[in-house]
There are 2 protein chains.
Amino acid sequence: MSETKPKKVDILTVAKAARVSASTVSRYFNHPDLLKPATRKRIDSAVRRTGYIRNRAAQTIHGIRSGTIGVLIPTLDHAIFAEVVQAFSDTVAEKGFTILLASHGYDLQREYAILRKFLEHRVDGVVLTGLDHDDAVFQLLDQQEIPCVLMWNHAAGSRFPCIGADNEQAGRMIAEHVLSLGHRKIACMFPPTDGNDRALARRDIVLQTLKNAGVSVPDAWSLTTVYSISESKTDARKLFSGLNRPTALICGNDILATGALYGAKAAGLSVPDDISIVGIGDFKGSSDIEPALTTVRLPAKRIGHEAGKALVAAIIDQETWDQRSLHCEPTLMLRHSARAVSVG
Amino acid sequence: MSETKPKKVDILTVAKAARVSASTVSRYFNHPDLLKPATRKRIDSAVRRTGYIRNRAAQTIHGIRSGTIGVLIPTLDHAIFAEVVQAFSDTVAEKGFTILLASHGYDLQREYAILRKFLEHRVDGVVLTGLDHDDAVFQLLDQQEIPCVLMWNHAAGSRFPCIGADNEQAGRMIAEHVLSLGHRKIACMFPPTDGNDRALARRDIVLQTLKNAGVSVPDAWSLTTVYSISESKTDARKLFSGLNRPTALICGNDILATGALYGAKAAGLSVPDDISIVGIGDFKGSSDIEPALTTVRLPAKRIGHEAGKALVAAIIDQETWDQRSLHCEPTLMLRHSARAVSVG
DNA sequence: AATAGTTTTGCAAATGTTTTCATAACTCTC
DNA sequence: GAGAGTTATGAAAACATTTGCAAAACTATT
């Protein structure tokens with residue numbers, strides 16, 4: 001690659017064109033206030049003429065920041081992660097950072113390997129998703145002393161600052177709401193929980209809240225369904241076609257709830273007249289679907305934005321940053337997919 | 001940052017621990033076949049003991065590949081782009097590449113600035129979205145002689161290899177299908193086309209195909225609607241509540257079509273009995289919504305995968321790569337949201 | 001043991017930039 | 001004009017790795 005370059009434009013090329021030294025050109029970019037205006041003008045012109053493009057790698061070697069941030073998520077294929085990454089990316093891009101993005105597909109071993117690769121690239125900081133990580137990941141972060149923020153969850157006393165919502169609170173809110181509508185024949189639909197502490201926390205607290213209210217969910221009504229409209233439609237349709245039908249279904253996220261709404265329609269049920277369906281997340285479209293979905297909002301955009309701000313602060317204000325976690329409150333969104341249990 | 005590092009582990013540290021030179025350690029990583037097995041073993045042990053993490057920046061300075069690929073998309077917030085980026089990322093990650101991801105929000109000037117930043121990072125290759133780019137972008141790519149692939153569209157004779165679907169073909173297919181069902185009172189809903197050549201191509205060919213069949217779309221039935229379920233639901237509901245109602249609605253993508261389905265429900269219409277609704281894209285959920293959406297499938301996963309393969313080939317096999325574009329065929333998906341125009 | 005051929009390894013220079021320190025250039029005051 | 005103080009700039013060393021070439025080490029043959 002380098003031997004086929006017709007002309008090599010480096011800082012020396014610019015320096016020659018401007019009749020200054022390379023160190024002056026470097027100052028032009030990094031400490032322009034140290035230069036005379038006339039010198040600045042000459043260099044500016046030389047940079048344009050030569051088409052020089054700075055080499056971030058050479059800066060990085062000096063321990064200068066690479067200007068990159070490693071973003072590690074389970075998958076981009078779930079809209080909610082795409083949304084939070086977009087907000088995060090917008091926030092850090094505003095401060096001149098570029099993100100390195102990788103996904104581990106809920107495989108925490110893979111997460112460790114990706115983190116090492118990020119460290120090879122000397123990222124200035126890292127954002128991980130959720131609280132649950134291989135201990136080797138935490139060790140590596142400590143060892144390398146790299147700024148890190150955990151995104152999406154909130155939990156007091158976590159090892160690194162976390163920016164997100166309290167999944168237990170969200171789960172409790174939706175379960176309590178369904179109970180407050182009088183439902184006692186309640187089914188649950190949650191995604192697999194391996195490598196997914198968000199889903200696990202929600203499921204456990206939902207079941208606990210129901211149990212504390214004297215409601216036990218039969219095994220046949222406790223579904224594990226992959227994150228897919230198609231799968232949840234199929235599972236919901238099967239559930240609603242049984243002889244013994246619940247009056248309410250709590251879904252672990254709004255994609256599952258969307259599929260369940262479609263499944264109810266396909267089973268010939270009217271929502272919420274025949275079956276109440278609720279979700280968690282308040283994803284795009286949740287308020288527009290017919291009927292509008294009752295759910296708990298997890299503010300993805302805000303989470304991404306705050307995580308971006310926190311990590312930039314950690315990188316830039318290393319000495320003064322106070323490592324504070326931030327809890328983004330979940331909000332109960334009462335809409336039209338759930339109603340009080342019927343007395344008939 | 002560097003002055004607070006408690007211990008600096010570089011290649012010299014490893015060399016000392018293994019009692020070899022730094023160049024031998026370098027060979028261990030890059031040309032292990034040149035080393036005696038015993039030497040390899042010693043170095044391997046020293047790498048583990050010291051916790052050394054290679055510095056990609058130092059490699060990059062040598063004109064060695066940075067191991068990064070720049071990915072430039074309009075936004076991650078549209079599920080279809082998230083899907084294609086995930087497939088692309090998986091494909092290149094398999095070959096050891098990490099993606100730098102940035103979004104330009106349909107602002108082609110911003111795209112140029114982002115591309116420059118990618119070049120500062122000395123990415124090994126770049127993937128852009130669509131065919132339409134500021135000419136400065138093309139000039140910069142030519143000048144820097146960096147491998148580039150255009151993703152999402154297919155057009156013969158494009159300046160760089162493109163991997164995607166023919167948007168004109170997709171638009172023609174869906175328009176012809178609606179015509180073949182006998183519809184002549186047809187409305188259209190497309191997103192804004194600034195900086196979005198995909199949407200423009202689809203809209204133009206849809207209108208052209210209708211026109212060739214003697215169907216003219218009244219201005220009041222030619223909607224421009226932002227990419228949002230909420231907006232399209234509102235616009236569709238308004239359209240369907242008018243005194244003069246179309247028998248069919250062609251939407252420029254499946255998100256708009258999804259919102260239109262919700263809008264029809266909200267307007268008290270039955271789909272497809274009262275109004276046929278079709279889309280383009282076959283997004284997630286399009287086959288599961290009730291009624292299942294008739295649309296043209298653009299194979300996002302395949303596009304992302306093939307684009308990743310093509311770019312990796314361009315980077316690795318620079319001399320032999322033949323720069324071929326690839327057309328991923330759109331597929332007409334006949335489902336339940338459209339039917340023949342009623343004779344009553 | 002001597003010689004020829006092959007393999008392995010180290011030295012030194014290179015890559016592109018940044019920064020420290022010394023010196024040159026400039027400005028102001030007497 | 002001379003001297004003191006301030007500003008601007010260049011030379012050289014540094015950062016972490018890679019690689020070409022020479023020399024050391026090893027192996028095989030006579």
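Letters A, B, ... are given to chains in the order of the sequence lines, protein chains preceding strands, and every chain is numbered from 1. Only this structure's heavy atoms are used, side chains among them; waters, hydrogens and symmetry mates stay out.
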Which heavy atom in [X] sits nearest to a heavy atom in [Y], and how many Å separate them?
{"X": "A310(B)", "Y": "I163(B)", "value": "CB-CD1, 4.0 Å"}
{"X": "C162(B)", "Y": "S158(B)", "value": "SG-OG, 3.4 Å"}
{"X": "C148(B)", "Y": "L141(B)", "value": "SG-CD1, 3.8 Å"}

Worksheet item: Thinking salt bridges, do R49(B) and D44(B) make one under a 4.0 Å N-O criterion?
Response: no

Discussion item. What I want to find out is whether D142(A) reaches R159(A) closely enough, with some N-O distance under 4.0 Å, to be called a salt bridge.
Written reply: yes

Item to complete: Take the protein atom CZ of R19(B) and the nucleotide atom P of dT9(C), then report the distance between them rounded to whole Å.
Response: 12 Å

Discussion item. Rounded to whole Å, how long is the line connecting atom NZ of K16(A) with atom P of dG10(D)?
Written reply: 13 Å

Discussion item. Short of 4.0 Å, heavy atom to strand atom, which residues of residues 33-47 of chain A count as contacting DNA chain D?
Written reply: L34(A), L35(A), K36(A), T39(A)

Practice prompt. Indicate yes or no for a side-chain donor-acceptor contact from D197(A) to the backbone of L131(A) under 3.5 Å, with no hydrogens or angles considered.
Written response: yes

Fill in: Any donor-acceptor pair under 3.5 Å from S103(B) side chain to G105(B) backbone
no

Practice prompt. May I ask you to test the E120(A)-N55(B) pair for a side-chain heavy-atom distance under 4.5 Å?
Written response: no

Practice prompt. For each nucleotide in nucleotides 15-20 of chain D, reading 5' to 3', give B when a protein heavy atom comes within less than 4.0 Å of its base, S when such contact involves only the sugar-phosphate, and - otherwise.
Written response: BBBBBB

